[in-house]
Structure formats: structure tokens, C-alpha cells
Amino acid sequence: MPKPALLVTRRLPPAIEARAARDYEAHLNSEDAPWFRDGAAIAARAREVQAAGILCAAGDPMGEATIAALPPSVRIIATFSVGTDHIALQAARARGIVVTNTPEVLSFATAELALTLMLMAARRAGEGERLVRAGAWEGWAPTQLLGVTLEGKRLGILGFGRIGRTLAGMARGLGMEIHYRDLRPAPAEVAQGAIYHDSDASFLGAIDVLSMHMPGGEATRRWLNAERLALLRPGAIVVNTGRGSSVDDAALVAALRSGHVRAAGLDVYDGEPRIFPGYFELENVVLLPHLGSATVETRDAMGRRALDNLDALLLRGQTPPDALT
Ligand code: DGY
């Protein structure tokens with residue numbers, strides 16, 4: 001029985017590439033050559049190798065044009081990400097292509113990074129690091145780089161899914177009070193005392209730190225705009241590890257510049273890897289390069305999950321556990 005052809009768009013952890021090569025006629029991109037940035041090139045390669053499956057990643061351009069250009073041999077697109085805003089799900093569904101993602105396995109790492117950004121923003125860690133590296137630090141001083149403590153502060157979690165709930169558990173350890181906003185309240189055993197808000201105004205007006213965990217896409221586009229920023233209490237902190245498209249960058253920069261927002265911590269950007277230039281002029285924003293799930297353990301787990309989905313359909317003829325279409 002010939003092995004199914006699998007097109008892998010990105011370099012993956014070694015154990016994942018080895019498993020793909022063992023079980024498939026795998027066409028790897030171990031060099032991370034940049035053809036994955038071009039949807040037409042992805043489709044051309046899929047055609048060339050008559051791919052049955054495509055293992056792609058967050059940010060790969062799997063929009064409508066790419067899906068339309070894929071050969072009929074493609075039965076499944078397994079993305080190495082929980083987010084699917086880079087894939088035209090409807091177009092895939094219409095062509096009978098199964099799309100899968102990698103939920104759950106990255107919740108802890110992403111919550112950990114949100115906590116990192118909260119702490120860095122509250123304690124001015126980026127500014128401190130830049131001062132030391134610039135050789136400009138003149139020694140300890142009683143009023144130098146004073147931040148704010150998170151202890152006793154109200155954390156507002158926007159999107160109380162797996163990542164948001166994991167962050168809530170971590171923040172309770174810091175003595176924070178947890179508030180959340182979602183489509184509906186979570187069951188009491190899940191909320192564990194977290195306070196539900198049924199309106200943006202009550203949510204944003206109640207919190208000291210906003211941590212955003214919303215999916216990308218049109219429905220959440222520029223959710224954090226000037227109007228909602230104005231609802232935050234003066235001196236609030238904003239953290240985003242969800243998707244950059246949910247923030248109006250010009251409005252956030254204005255709020256950071258005026259001090260209405262004390263500080264921000266961002267891991268994701270609208271149109272990344274491009275970054276809104278206004279952020280570079282500000283000291284009170286921490287900028288990380290989309291590191292949410294970037295731990296050895298998590299990336300291995302994401303790779304295993306993506307291959308489990310491919311195996312289900314292509315090796316066993318079953319519905320993949322994380323099928324979205
Ligand atoms: C995802 O999985 O969607 C992340 O943004 C990449 O880790």
C-alpha cells in the first residue's frame with residue numbers, strides 16, 4: 001500500500017518530522033524556505049506531489065484563493081495551531097476538505113505567556129532590561145522604574161475558554177480577583193468564583209488588567225477600539241495573546257501615550273509580522289514575537305495532535321478528533 005502524500009509547509013520539531021516521514025510520503029520544508037508565504041506556491045506544491053494532506057501552520061495563507069487552487073487529491077488540511085483565522089473554513093467545507101486544529105495542548109503555555117506579559121507590563125520589565133543593556137543603569141534608587149503590583153488587582157479575562165480559564169488559575173495564585181466576559185456564564189465549577197459580566201461596559205469598567213483571548217476573524221475585528229478603551233479604568237493594563245486583529249492599534253497607542261492605559265503587553269499583531277509603527281515609540285509596551293505556544297513541550301504536543309488528526313483520516317479512514325469542517 002503506498003503511503004499517502006503529505007505536504008508540510010513549515011519546519012517542525014524533529015520528532016514530528018521523523019514521525020511524518022515514517023508514516024507518509026512526506027514532503028517536508030525542513031529549511032523553512034519561504035514558499036509557505038505564498039498561497040499559490042502552496043497549491044502548486046500540493047498539485048506537484050498530489051498531496052492527500054497538508055500540514056500547515058498559523059499565518060500560512062490558506063484563504064479562499066488557495067483552497068480553490070488545491071488539487072482534488074487534498075482531503076485534509078491539518079493546521080499546527082489552535083487558531084484557524086488563516087484558513088477559509090467555508091471554502092474548505094464546500095470542497096469537502098476536512099480542516100483540523102490543535103486545541104487544548106497549548107492552553108498552559110499561552111496562559112503562561114499572558115501572565116509573563118502582565119508581569120512585564122506591570123513591573124516595567126522591558127524598560128528595565130533596555131536600561132541595563134544600554135549600559136545606562138546608575139544603580140538602585142528608591143523611585144526608579146516603579147511599577148504596580150498585581151496582588152489584589154482585578155483581572156478581566158476576555159474569552160473564558162481553556163486559555164482564559166488556565167490564566168485565571170495562575171492569577172488566583174497572585175491574589176488577583178477574576179472577572180470575565182464571554183457569550184454566556186460558565187458553570188459554577190468552571191468559574192470558581194470568577195465574576196461574569198454580561199456587558200462590555202460593566203466588564204471594562206470593573207477591571208485593572210485586561211487579558212484578551214479572542215479568536216481572530218471579522219467578528220472580533222478591532223474589538224478593542226477607542227470607545228471600549230475609554231471604558232477602562234484610568235491606569236489599566238492591556239495584554240493580548242489572542243489575535244492582533246482584535247485591537248485597533250492607533251487607538252491603543254493613543255491610550256498608552258496619554259497614560260489612560262498604563263502599559264500593554266502584546267504577543268500578536270494585526271498583519272504580523274508587520275507591527276504598527278507607533279508601538280516602537282513607546283516605552284510602556286512590551287512586544288513579543290508571537291511566542292504564546294513556543295515551548296519545546298507544547299510544540300511537540302501540537303505536532304503530535306496534528307499528526308493524530310491526519311492519521312485518523314488518511315491512515316484509518318476515520319473522522320479526525322479535531323475536525324472543524
Ligand atoms: C495558535 O495556535 O493559534 C497560535 O497563535 C500559534 O501558537
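Counting starts at 1 for both ligands and their atoms, following the listed order. The figures that follow rest on heavy atoms only: side chains count, while hydrogens, waters and symmetry mates do not.
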Item to check | Donor-acceptor pair between N309 and D322 side chains, under 3.5 angstrom | outcome: yes
Next on the checklist: One thing to verify: whether E177 and R172 come together as a salt bridge, which I'm taking to mean a side-chain N less than 4.0 angstrom from a carboxylate O.
Outcome noted: no
Checklist entry - Under 4.0 Å between a Lys/Arg side-chain N and an Asp/Glu carboxylate O for D23 and K3? => result no
Checklist entry - Going by the order shown, which atoms of ligand 1 are within less than 4.0 Å of some heavy atom of G83? => result 1 (C), 2 (O), 3 (O)
Checklist entry - Counting each atom of ligand 1 from 1 as listed, which ones have a heavy atom of S81 under 4.0 Å away? => result 1 (C), 2 (O), 3 (O)
Item to check | Which of the ligand 1 atoms, numbered from 1, are nearer than 4.0 Å to a heavy atom of S293 | outcome: 6 (C), 7 (O)
Checklist entry - Is the Y269 to F276 ring centre distance short of 6.0 Å? => result no
Checklist entry - With a 4.0 Å cut-off, would you call R19 and D311 a salt bridge? => result yes
Checklist entry - Which atoms of ligand 1 sit under 4.0 Å from any heavy atom of V82? => result 1 (C), 2 (O), 3 (O)
Next on the checklist: Does only the side chain of L106 get under 4.0 Å from ligand 1, or the backbone, or both, or neither? Count heavy atoms.
Outcome noted: side chain
Checklist outcome for this item: Ranking H290, R243, H86 by closest non-hydrogen atom to atom 6 (C) of ligand 1, top hit is H290
